[in-house]
Q: 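First the structure, then my questions, so here it is.
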Amino acid sequence: MGEPLDLLTMGRIGVDIYPLQTGVGLEDVSSFGKYLGGTATNVAVAGARYGRSTAVLTKTGADPFGRFIRRALRGYGVDDRFVGTSEGLPTPVTFCEIFPPDDFPLYFYRAPLAPDLDLHTAELDFDAIRQARIFWVTGTGLCAEPSRTATLAALEARGRSGITVLDLDYRPMFWESREQAHGWVDKALEHVTVAVGNLDECRTAVGTGEPDAAAQALRDKGIELAVVKKGPAGVLAVDDTGPVEVPPVPVEVVNGLGAGDAFGGALCHGLLAGWETEYIMRFANAAGSIVAGQLACSDAMPEERAVRAVLDG
């Protein structure tokens with residue numbers, strides 16, 4: 001398969017349809033922009049922007065949006081060889097409403113089943129999964145079969161080798177209940193070395209949204225680096241050297257939806273570079289602020305010099 005990938009992500013992919021008017025409901029929007037989307041996908045795009053070799057393990061429908069996704073991935077420098085096709089299932093689209101600074105309702109069109117949840121264990125490239133320097137999965141990949149079984153199989157094959165990241169990524173509309181999500185996320189945590197999520201996602205994963213307690217609960221499960229995003233209060237990271245707290249970067253928010261994915265891609269870049277945890281958190285916060293100040297997610301992922309300019313600013 002050639003050189004191991006720096007970053008292999010697994011999970012959600014689709015097309016984001018974002019309004020070009022802000023402050024109004026979808027019923028009053030007159031024009032939209034079309035963008036590559038999906039948490040795992042955006043993280044791979046962000047990694048590629050830093051010059052990392054990245055790929056996403058997922059599936060699309062056999063339709064024009066699926067063709068758009070493959071073309072967009074290649075345009076961003078993301079390897080699309082692990083992107084399969086689900087015949088008969090439409091490529092999902094996601095609409096949002098934009099009410100800055102902090103209200104961005106999402107509307108997912110993923111029925112009857114999103115292709116990225118139609119990912120079977122037999123379709124996985126376990127060699128690529130084992131060899132990637134970072135393997136990244138999301139909580140959403142655990143919400144339905146066959147993706148749930150495939151995600152756990154990939155993590156078990158990985159065996160906590162290298163850097164294995166679980167983005168807690170809890171979205172209530174994809175689950176029957178928070179309790180159901182907790183059970184499967186808890187199983188996934190047994191196989192990862194890094195966990196990252198916001199306060200609500202931590203509440204789902206470990207039963208508490210209190211930052212210090214959540215980080216400790218993740219560490220107690222064998223997580224080497226627990227990252228708890230506290231929104232306007234910044235981010236808490238805990239590893240073997242102890243806790244690090246970093247404040248947010250002030251920004252005039254245009255669309256906050258891609259900031260977490262930008263944070264994730266920057267986190268991966270910093271881990272691959274071997275930076276100290278505090279600097280990784282500062283860098284990831286700055287990357288997130290850049291994307292929060294723009295409309296698109298994938299299109300807005302910054303290069304390293306742009307992030308450093310914010311940090312030096």
Side-chain angles (χ1 to χ4, degrees), residues 7-13 38-44 56-58 106 108 110 113-114 116-121 124 129 134-231 235-239 260-261 263-264 267-268 271:
L7 172 62
L8 175 60
T9 69
M10 178 178 178
R12 192 162 57 84
I13 198 167
T39 296
T41 305
N42 287 335
V43 170
V56 57
L57 203 169
T58 189
L106 281 168
F108 293 97
R110 293 168 59 84
L113 181 72
D116 54 66
L117 294 176
D118 186 41
L119 193 57
H120 295 256
T121 302
L124 304 181
I129 289 167
I134 295 182
F135 181 53
W136 175 293
V137 302
T138 73
T140 294
L142 301 166
C143 74
E145 293 290 3
S147 172
R148 177 185 299 147
T149 295
T151 301
L152 291 173
L155 289 174
E156 288 169 7
R158 178 83 173 173
R160 265 185 174 163
S161 61
I163 301 168
T164 307
V165 185
L166 175 62
D167 179 350
L168 300 177
D169 185 42
Y170 173 63
R171 300 175 186 271
M173 69 284 292
F174 295 160
W175 293 90
E176 293 177 7
S177 66
R178 188 184 295 269
E179 291 71 28
Q180 182 200 32
H182 168 78
W184 291 110
V185 169
D186 190 59
K187 289 183 181 297
L189 285 170
E190 298 173 7
H191 305 288
V192 303
T193 62
V194 179
V196 55
N198 61 32
L199 297 179
D200 190 55
E201 291 165 342
C202 288
R203 184 176 296 109
T204 300
V206 294
T208 177
E210 196 285 315
D212 293 312
Q216 187 58 54
L218 289 168
R219 292 275 295 163
D220 289 344
K221 291 183 177 295
I223 301 301
E224 295 175 13
L225 173 61
V227 181
V228 180
K229 294 184 285 188
K230 302 188 294 180
V235 61
L236 166 68
V238 182
D239 62 11
D261 301 338
F263 183 101
L267 168 67
C268 290
L271 290 171

Q: Specify the closest pair of heavy atoms between Lys229 and Val196, including all atoms of both residues, with the distance to one decimal.
A: CE-CG2, 4.1 Å
Q: Are any of the side-chain heavy atoms of Trp175 and Leu142 separated by less than 4.5 Å?
A: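 Heavy-atom side-chain distance check passes, below 4.5 Å.
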Q: Should Arg110 and Asp116 count as side-chain neighbours, where that means a heavy-atom distance under 4.5 Å?
A: yes
Q: Output, in order, the C-alpha distance, side-chain angles, deciding distance and verdict of side-chain contact (heavy atoms from CB on, under 4.5 Å) for Leu166 and Val185.
A: CA-CA 9 Å; Leu166 175 62; Val185 169; 4.1 Å; yes
Q: Should Ile129 and Leu8 count as side-chain neighbours, where that means a heavy-atom distance under 4.5 Å?
A: yes
Q: Assess the side chains of Thr204 and Arg178: does a donor N or O sit below 3.5 Å from an acceptor N or O?
A: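 Yes.
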Q: Taking all non-hydrogen atoms of both residues into account, name the closest pair between Ala150 and His120 and its distance.
A: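 Reported closest heavy-atom pair: CB-C, 3.9 Å.
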Q: Would a 4.5 Å heavy-atom cut-off, applied to side chains only, mark Leu199 and Val228 as touching?
A: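 Yes. Closest side-chain heavy atoms under 4.5 Å.
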Q: What's the spacing between Trp136 CH2 and Asp167 CG if we round to 0.5 Å?
A: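 If I round to the nearest 0.5 Å, the distance is 5.0 Å.
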Q: Does Phe135 reach the side chain of Val192, with side-chain heavy atoms less than 4.5 Å apart?
A: no
Q: Look at the side chain of Arg148 and the backbone N and O of Cys143, then say whether any donor-acceptor pair between them is shorter than 3.5 Å.
A: yes
Q: Quick one: pull up OG1 in Thr149 and CG in Leu119 and give me the separation to the nearest 0.5 Å.
A: 11.0 Å
Q: Between the side chains of Asp212 and Gln216, does any donor sit under 3.5 Å from an acceptor?
A: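 No, Gln216 and Asp212 have no side-chain donor paired with an acceptor closer than 3.5 Å.
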Q: Evaluate the side-chain proximity of His191 to Thr164: yes if any heavy-atom separation is below 4.5 Å, no if none is.
A: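 Thr164 vs His191: side chains apart.
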Q: Is any side-chain heavy atom of Asp186 closer than 4.5 Å to a side-chain heavy atom of Lys221?
A: yes
Q: side-chain contact (heavy atoms from CB on, under 4.5 Å), that's the test. Do Thr138 and Val43 meet it? Break it down for me.
A: CA-CA 11 Å; Thr138 73; Val43 170; over 6 Å; no
Q: Before you tell me yes or no, could you show the steps for Leu271 and Ile134 under side-chain contact (heavy atoms from CB on, under 4.5 Å), namely the whole-Å CA-CA distance, both residues' side-chain angles and the distance that decides it to 0.1 Å?
A: CA-CA 9 Å; Leu271 290 171; Ile134 295 182; 4.3 Å; yes
Q: Measuring from Glu190:CD to Arg160:CZ, what's the distance to the nearest 0.5 Å?
A: 8.0 Å
Q: Which heavy-atom pair separates Gly197 from Cys202 by the least distance, and what is that distance?
A: O-SG, 3.9 Å
Q: Test the Arg12-Phe108 pair against the cation-pi criterion, namely NZ or CZ under 6.0 angstrom from the six-membered ring centroid and within 45° of the ring axis.
A: no
Q: Looking only at non-hydrogen atoms, find the nearest pair between Ile223 and Thr193 and report the distance.
A: CG2-O, 3.5 Å
Q: If we only count heavy atoms from C-beta on, is the Leu218 to Val238 side-chain gap below 4.5 Å?
A: no
